[in-house]
4 protein chains.
Amino acid sequence: MTEAINTRKKPRQIRAQATVAAILEASAHILVDDGHDALNTNKIAERAGVSIGSLYQYFPNKEAVMTELIRQKRSRMLTAVDMALDDTRSDVFDTALDAVLASIIQLHLNWPRLALALDQAEAFLPLDDETIQFKVALNGKIKEVLGRQGSKVSEQTIQDVVAIAKGMIEQASLARETDEVDLRRRIMRAVIGYLGR
Amino acid sequence: MTEAINTRKKPRQIRAQATVAAILEASAHILVDDGHDALNTNKIAERAGVSIGSLYQYFPNKEAVMTELIRQKRSRMLTAVDMALDDTRSDVFDTALDAVLASIIQLHLNWPRLALALDQAEAFLPLDDETIQFKVALNGKIKEVLGRQGSKVSEQTIQDVVAIAKGMIEQASLARETDEVDLRRRIMRAVIGYLGR
Amino acid sequence: MTEAINTRKKPRQIRAQATVAAILEASAHILVDDGHDALNTNKIAERAGVSIGSLYQYFPNKEAVMTELIRQKRSRMLTAVDMALDDTRSDVFDTALDAVLASIIQLHLNWPRLALALDQAEAFLPLDDETIQFKVALNGKIKEVLGRQGSKVSEQTIQDVVAIAKGMIEQASLARETDEVDLRRRIMRAVIGYLGR
Amino acid sequence: MTEAINTRKKPRQIRAQATVAAILEASAHILVDDGHDALNTNKIAERAGVSIGSLYQYFPNKEAVMTELIRQKRSRMLTAVDMALDDTRSDVFDTALDAVLASIIQLHLNWPRLALALDQAEAFLPLDDETIQFKVALNGKIKEVLGRQGSKVSEQTIQDVVAIAKGMIEQASLARETDEVDLRRRIMRAVIGYLGR
DNA sequence: CATGAATGAGACTTCATTCAT
DNA sequence: AATGAATGAAGTCTCATTCAT
């Protein structure tokens with residue numbers, strides 16, 4: 001009997017996953033194409049090819065859609081940084097930092113306007129547990145990278161480095177830069193300059 | 001929106017100018033207190049102690065209020081930079097850059113949330129003539145400062161320097177930093193490091 | 001108005017069609033009772049026993065409601081004329097014209113003020129495709145009727161005949177005439193007199 | 001002393017006349033250019049080059065402006081008919097009717113859209129004393145013309161003749177006809193046909 | 001579960017009119 | 001008298017959300 005239940009549940013869950021994915025994808029597209037002010041649940045549902053009722057089956061309200069989009073972004077970011085660090089066998093500081101930057105820039109340049117929109121939404125988010133946890137996790141990884149350089153790394157330093165990188169990447173996004181390698185080189189210069197040899 | 005921005009009459013009487021000022025001030029307050037999503041013309045008029053009709057005498061639509069706020073911010077910024085440069089008698093690069101940074105940071109730390117909100121609004125503005133002119137003007141001044149250092153200054157360099165400063169100032173804003181002197185010191189370090197002796 | 005007419009969804013469910021019908025009926029009633037200047041979407045929705053939101057589900061704006069009312073009127077008119085012509089087995093000119101007049105007068109005297117209001121609205125409509133098509137269709141039918149008389153029928157003649165009938169019917173409407181038979185007799189006299197044996 | 005008052009009053013009255021004239025002219029222009037729905041007091045004042053306060057000095061409300069426009073139209077119409085009849089020395093029916101038609105058509109073709117707009121406004125006017133008096137006066141004149149033909153003229157006949165002429169003139173207006181002579185000829189044919197030899 | 005019709009609070013905007021200067 | 005800034009009721013329209021089918 002339990003088996004029967006399970007076999008009937010699975011397809012539903014798969015369909016549900018597809019629905020959720022479609023909703024998030026549609027939201028991202030609207031954000032990119034028309035901007036945050038034009039994002040509304042009816043449009044999301046329409047563009048996702050889903051009824052408005054279905055949207056509210058999976059998201060309690062409009063804000064939840066944005067929150068989930070941010071959650072995805074954060075998750076992709078942490079994963080990317082982790083992978084960058086894993087790939088870097090050596091303990092050489094420069095190489096590690098470069099790899100991390102490469103992974104983050106990748107995320108931004110893929111969908112510049114989306115990244116920007118989500119960054120903005122994030123900036124005005126209340127500092128809930130999840131946000132704090134994410135920042136702790138990210139800062140921890142950055143600290144690890146900067147630590148390979150030898151000297152001690154203060155919280156202030158981490159935030160400054162993140163701020164520098166974020167500022168330069170966003171500006172590159174807005175300017176529609178495409179030369180990822182050059183951008184990385186310039187950010188490295190600023191960060192290393194800031195850290196001071 | 002069919003209507004071009006600034007079709008509405010310019011305030012001639014003193015009373016009218018007070019009305020416009022009240023509207024802009026109220027808008028800024030709401031932006032700071034409740035965020036961009038909570039900004040609406042009814043609330044603006046109420047908070048400004050003005051009838052909704054008066055708002056529409058001077059602004060063709062809601063967007064125009066934001067636009068004027070941005071215009072003000074830009075104007076204040078250019079003025080501040082000019083004054084900083086005027087005050088700096090010496091041609092010493094560090095001193096000039098420090099003075100400019102001080103003036104810009106001042107603008108941000110005075111009203112951190114407003115500065116942030118306007119920066120964000122600006123990021124999604126279409127690149128109209130006015131926006132371009134502002135960027136040209138600002139970049140010109142920055143170029144002058146950086147030029148005092150001796151070496152040639154590319155457009156890329158200017159934008160990177162601006163991006164670094166902007167990124168760090170905004171992050172300081174969000175973190176509610178108040179030590180303006182320390183912030184300036186750190187930005188100087190990053191910029192000078194980036195420029196490379 | 002940026003939005004083209006008829007962007008809104010077509011009613012699929014029966015319930016939706018009832019809503020649309022109620023909106024149009026309510027609009028007609030208001031037009032009749034209070035006149036064109038008093039017609040507004042809130043009142044329409046209220047009188048239709050429908051929420052204002054529902055109105056905007058099916059009509060992109062207020063004008064679209066008027067447009068649909070006119071469309072209905074035109075459709076009823078063409079149908080009425082067709083039926084009148086079908087019923088007239090003989091090829092006798094007088095009988096056919098009389099039948100057509102009877103059907104059109106019927107439409108007017110049923111709801112004089114509505115017919116009048118729609119005629120007026122029509123007069124100031126831009127000459128869009130639909131309007132032209134309607135006029136072509138109607139004139140074609142009138143031409144057929146007049147053609148039974150024997151002589152050739154110019155476009156000018158058709159328009160004059162239509163103008164005469166329209167002028168007399170509208171004046172009868174305003175004067176609240178009720179004797180349809182007498183009105184028809186007088187119009188016939190004017191038309192036949194104009195055509196000149 | 002009375003003289004002093006008079007000499008100071010005159011210029012004021014002249015200026016006032018000019019203001020009133022400007023307001024009415026502006027209203028007519030807006031009616032023609034943008035239609036009845038776009039007519040509003042602020043726009044009228046602006047287009048008249050007069051302050052909104054001045055408009056309300058001379059007209060108690062918006063409706064009064066329209067009313068005055070209609071009053072003007074009626075007055076011009078009666079005057080035109082009178083002049084046409086005066087000019088017609090002979091008692092010949094055809095000549096007199098032709099002259100009257102010519103004068104009325106003149107008024108319409110000069111400013112077709114204005115005439116149309118005012119006709120429409122008139123149609124929905126309450127039947128106040130002034131309206132009734134105008135109709136009585138006009139019908140009286142028409143009766144006089146038709147009477148020259150010999151037979152007795154019923155009220156019905158007068159209204160039908162007016163309706164025929166009005167219908168055909170308005171249709172010619174809408175069709176932007178310019179050949180006044182031909183139009184007159186066709187109307188004569190319809191009217192004479194209607195009257196029956 | 002999905003659908004999509006319906007809701008209505010609330011946002012945007014206009015415009016007739018008043019009144020202080 | 002003339003001006004034009006100010007008013008606010010009322011109209012247009014949107015969109016997050018609910019709920020009957």
Checklist entry - Below 4.0 angstrom from OP1 or OP2 of E:dA2, is there any side-chain N or O of A:Tyr58? => result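 Yes, A:Tyr58 has a side-chain N/O under 4.0 Å of OP1/OP2 on E:dA2.
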Checklist entry - F:dC15 phosphate, OP1 or OP2: any side-chain N/O from C:Tyr56 under 4.0 angstrom? => result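 C:Tyr56 to F:dC15 OP1/OP2: no side-chain N or O under 4.0 Å.
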Next on the checklist: Any salt bridge linking C:Glu68 with C:Arg71? Criterion: basic side-chain nitrogen under 4.0 Å from a carboxylate oxygen.
Outcome noted: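 Yes, charged N to carboxylate O under 4.0 Å.
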Checklist entry - Between C:Glu122 and C:Lys73, does at least one N-O distance fall below 4.0 Å, as a salt bridge requires? => result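 Looking at C:Glu122 and C:Lys73, the cut-off is met.
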Item to check | Pairwise 5' ranking along DNA chain E for C:Arg15 and D:Glu63, keeping only the more 5' one | outcome: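 By nearest-heavy-atom nucleotide position, the 5'-most residue is C:Arg15.
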Next on the checklist: For DNA chain F, which residues of residues 29-54 of chain A approach it to below 4.0 angstrom with any heavy atom?
Outcome noted: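 Per residue number, the list reads A:Leu39, A:Asn40, A:Thr41, A:Asn42, A:Ile52.
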Next on the checklist: Over all strands shown, is D:Thr19 touching base, sugar-phosphate only, or nothing at heavy-atom distances under 4.0 angstrom?
Outcome noted: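 If one applies the 4.0 Å heavy-atom cut-off, D:Thr19 turns out to touch nothing in the nucleic acid.
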Item to check | Nearest to side-chain heavy atoms of B:Lys62, which nucleotide of F:dC13, F:dA6, E:dC12 | outcome: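 Output: E:dC12.
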Next on the checklist: On the side chain of B:Gln57, is there an atom forming a donor-acceptor pair with the base of F:dA6 - under 3.5 Å, no angle test?
Outcome noted: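 Looking at the base of F:dA6, it does pair with a donor or acceptor on the side chain of B:Gln57 (distance under 3.5 Å).
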Next on the checklist: Do C:Arg74 and C:Thr131 pair up side chain to side chain, a donor and an acceptor below 3.5 Å, judged on atom types alone?
Outcome noted: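 Yes - a donor-acceptor pair under 3.5 Å links their side chains.
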Checklist entry - To the nearest angstrom, how far is C:Ile14 atom CD1 from E:dG4 atom C1'? => result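 For the pair C:Ile14 CD1 and E:dG4 C1', the rounded distance is 13 Å.
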Checklist entry - Has B:Gln72 got more than 12 heavy atoms of other residues, nucleotides or ligands less than 6.0 Å from its CD? => result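 Yes - once you tally the heavy atoms of other residues, nucleotides and ligands closer than 6.0 Å, there are more than 12.
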Item to check | Test side-chain contact (heavy atoms from CB on, under 4.5 Å) applied to A:Gln17 and A:Ile14, step by step | outcome: CA-CA 5 Å; A:Gln17 293 303 321; A:Ile14 291 171; 5.6 Å; no
Item to check | B:Phe59 to B:Leu24 - nearest heavy-atom pair and separation | outcome: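 Heavy-atom minimum between the residues: CZ-CD2, 3.9 Å.
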Item to check | Shortest non-hydrogen separation from C:Leu55 to C:Val65 and the atoms involved | outcome: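 Heavy atoms only, the tightest pair is CD2-CG2, 4.4 Å.
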Checklist entry - Can you give the dot-bracket line for DNA chain F, where a pair is Watson-Crick or G-U wobble with both atom distances under 3.5 Å, crossing pairs use [ ], and | marks a partner on another strand? => result .||||||||||||||||||||
